[in-house]
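Presented below is the structure to which this report refers.
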Amino acid sequence: MITIALPKGRLGEDAEKVLLATGMIQRPVERDSRRLIFEVGEGVGILLVRAWDVPTYVEMGTADVGICGKDDLMEHGADVLELVDLGFGGCTMAVATVNTLSRHDLFGRGFLRVATKYPNVARRFFDGLSLQTEILKLYGSVELAAVTGLSDCIVDIVSTGATLRENGLHVVERIFDSTARWIVNRRSFYLKYEKIAYWTEKIKKACEERVS
Ligand code: PRP
């Protein structure tokens, strides 16, 4: 049995298409239902979880493999094998602030209040610049913090850039680019090597075909 941790939302839907194309899963997950565990093929099960919980399920071995964004992986710091960059779900982890403040203005301050859903990423980034910060952990609509003055800036993912634009914010620093990753539990990779290596190759090919 191979158990996959699949994220809810857009990333999970794209991931599911890839898994269906490879034949690893034979039927789609019934997203309309409230079920969280699905048998989707012979010897293959899916756990439907929040994107930021995927690394935890895979690191602990409750799921053998999983799909999650590099952003969540960087934040979590999970001890898992990151085997394939799936190429979809592209976004950028960035520092953003109000349009009236330049990068120079912002980073020139002695102390910054930073709002984010990614406190570890934010702390590492600002520590690297030796900037003193107070990190405020938020759970959504992070842009609002910079607009209302709750924080001096935000660290968040930018996809189309529409949320920033529509709220009078702009990117002052790109921290890293993120895409979806195929991750594997270390012990499962060893114990179920043949099956996992087989499906990993198929997934790699399916993603390359999607791009070309
Ligand atoms: C994410 C992210 C930004 C937005 C960026 O939030 O935190 O707010 O998407 O996308 P854009 O560049 O295409 O506008 P999400 O929609 O996941 O929800 P949240 O605000 O509740 O965290």
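These numbers come from a predicted model, not from an experiment. Atoms within a ligand are numbered from 1 in the order they appear, just like the ligands themselves.
Taking every non-hydrogen atom of T163 and a distance limit under 4.0 Å, the qualifying atoms of ligand 1 come out as 4 (C), 5 (C), 10 (O), 11 (P), 14 (O). Atoms of ligand 1 found under 4.0 Å from any heavy atom of T160, numbered from 1 in the order shown, are 11 (P), 12 (O), 13 (O), 14 (O). The distance from ligand 1 to the heavy atoms of D156 drops below 4.0 Å at these ligand atoms: 2 (C), 3 (C), 7 (O), 8 (O). Interface atoms of ligand 1 facing E143, defined by a heavy-atom separation under 4.0 Å, are 3 (C), 8 (O). Taking every heavy atom of I157 and a limit of under 4.0 angstrom, the matching atoms of ligand 1 come to 2 (C), 3 (C), 5 (C). Near V158, with a cut-off below 4.0 Å to any heavy atom, the atoms of ligand 1 are 12 (O).
Note that atom 16 (O) of ligand 1 has no protein non-hydrogen atoms nearby, at separations under 4.0 angstrom. Within the 4.0 Å cut-off (strictly below), a protein heavy atom is located near atom 13 (O) of ligand 1.
Considering only non-hydrogen protein atoms, atom 20 (O) of ligand 1 sits nearest to S141 N, 3.0 Å. The shortest contact between atom 6 (O) of ligand 1 and any protein heavy atom is with K117 NZ, 3.6 Å.
Among pairs with a residue in residues 18-42, those fulfilling side chain to side chain donor-acceptor pair (under 3.5 Å) read E16-R31, at least two apart in sequence or across chains.
The line from CZ of F88 to OG1 of T179 is 9.0 Å long, rounded to the nearest 0.5 Å.
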Decide yes or no on salt bridge (charged side-chain N to carboxylate O under 4.0 Å, His left out) for D14 and K17, but give the supporting numbers first.
CA-CA 5 Å; D14 285 347; K17 283 180 199 146; 3.7 Å; yes
Side chain to side chain donor-acceptor pair (under 3.5 Å), that's the test. Do H76 and T56 meet it? Break it down for me.
CA-CA 8 Å; H76 190 289; T56 305; 2.8 Å; yes
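In the hydrophobic clustering of ILVMFWY residues, with side-chain heavy atoms under 4.5 Å counting as a link, V58 and V184 come out apart.
Apart from M1 itself, the hydrophobic cluster it occupies contains nothing, where clustering links Ile, Leu, Val, Met, Phe, Trp and Tyr at side-chain heavy-atom distances under 4.5 Å.
K137 forms a cation-pi arrangement with Y139, by the criterion of a distance under 6.0 Å to the ring centre and an angle within 45° of the ring axis.
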